[in-house]
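Chain letters run A, B, ... following the sequence lines, proteins first, then strands; residues in each count from 1. Keep in mind that the numbers below use all heavy atoms, side chains included, and drop hydrogens, waters and symmetry copies.
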2 protein chains.
Amino acid sequence: MDQPLAIDAFAALAHDTRLSVFRLLVRRGPGGTPAMELARLLDLRPSTLSGHLSALRRAGLVTTQRHHREIRYAPNFEAVGGLVAFLLHECCGGKAGDCLPGL
Amino acid sequence: MDQPLAIDAFAALAHDTRLSVFRLLVRRGPGGTPAMELARLLDLRPSTLSGHLSALRRAGLVTTQRHHREIRYAPNFEAVGGLVAFLLHECCGGKAGDCLPGL
DNA sequence: ACGTCATTTCGCGTATTTACGAAACATGGA
DNA sequence: TCCATGTTTCGTAAATACGCGAAATGACGT
């Protein structure tokens, strides 16, 4: 995870609706959730949600898979792990432990 | 670290110049670095840098302290830790380990 | 081929972000 | 007090992000 990739991921998460979408995807599990079900759960217009899902996908934070007629979006935990590693390696004082006293 | 706070921090880091400033502050250590020294090192206009430093401070990612005539900016490792904790608790599948196979 | 459901793309108006120079403000030394 | 240094605020112009409805695309059942 280099700086441009991290920036895309930070930007994707730096928006209330997108972060809510992503957290909901995480809670719903790795099996994925159809886009329209997310729209219902979060009361979002289809076109609005689609734009946010595209942003999350461009940032590598979600993956897609067609299932019958619908497209299931699933969180990409590796991307989250990459972000966490970036923060610990690049944004903590040499030792990652400086940022996580509890770990 | 709740969602609005995390969004502010993500937004602050989701910009090439600001992330470069923050990483430089981290490398320079907790003692802090004068703003104009950052401007020289990164070739930034004073007013541009000032805006970015203000954004980082509003997001809680840096702290300031006057020292003689200059203002030293220092990274706030607790904020980074809070972001990491948010990602591990809210954006991983129940168990934080899902995002960090190596830990 | 047709209609329908699921999703994306397009076009628009509006709001926010960004960089910059000029000016203002703050601090400390002569 | 006056001046130089360090930093922020202000005003402006260009770029980007946002939400929405309308229209287009894609996939399936009949």
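Here the P atom of nucleotide D/dT8 and the CG atom of B/Leu56 are 12 Å apart, to the nearest Å. Here the C1' atom of nucleotide D/dC18 and the CG atom of A/Leu44 are 13 Å apart, to the nearest Å. C/dT27 atom C1' lies 15 Å from atom CE of B/Met36, rounded to whole Å. Distance B/Arg66 CZ to C/dA26 P: 9 Å, rounded to the nearest Å. Taking atom CG of A/Leu49 as the reference point, atom C1' of C/dA6 lies 12 Å away to the nearest angstrom. The CZ-C1' distance, from B/Arg40 to D/dG6, rounds to 11 Å in whole Å. Atom NE2 of B/His52 and atom C1' of D/dT7 are 15 Å apart (whole Å). To the nearest angstrom, P of C/dG28 lies 11 Å from CD1 of B/Ile71.
When the shell of 6.0 Å around CD of A/Gln3 is examined, it contains more than 12 heavy atoms from other residues, nucleotides or ligands. Other residues, nucleotides and ligands place no more than 12 heavy atoms under 6.0 Å from the CD atom of A/Glu78.
A/Leu38 places none of its side-chain heavy atoms less than 4.5 Å from the side chain of A/Leu44.
Contact check, B/Thr48 against C/dC20: a side-chain N or O comes under 4.0 Å of OP1 or OP2. Residue B/Tyr73 places at least one side-chain N or O closer than 4.0 Å to OP1 or OP2 of D/dT8. For the pair A/His15 and C/dT17, the criterion of a side-chain N or O lying under 4.0 Å from OP1 or OP2 is not met.
In this structure, B/Arg28 pairs ionically with B/Glu37, as a charged nitrogen and a carboxylate oxygen lie closer than 4.0 Å.
Across all strands shown, B/Arg18 has heavy atoms under 4.0 Å from sugar-phosphate atoms exclusively, and none from any base. If you check every strand for non-hydrogen atoms under 4.0 Å, B/Arg69 touches a base. In this structure, A/His67 reaches neither bases nor backbone, as no heavy-atom distance under 4.0 Å exists between it and the strands shown. Within the 4.0 angstrom heavy-atom criterion, no nucleotide atom of any strand lies near B/Arg72.
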When you look at B/Thr64 and B/Arg57, which way does the side-chain contact (heavy atoms from CB on, under 4.5 Å) test go after all the steps?
CA-CA 8 Å; B/Thr64 60; B/Arg57 185 158 44 82; 3.5 Å; yes
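Taking the nucleotide of DNA chain C with the nearest heavy atom to each of B/Ala14 and B/Arg45, the more 5' of the two is matched to B/Ala14. The residue among A/Ser47 and A/His68 whose nearest nucleotide of DNA chain D is located toward the 5' end is A/Ser47.
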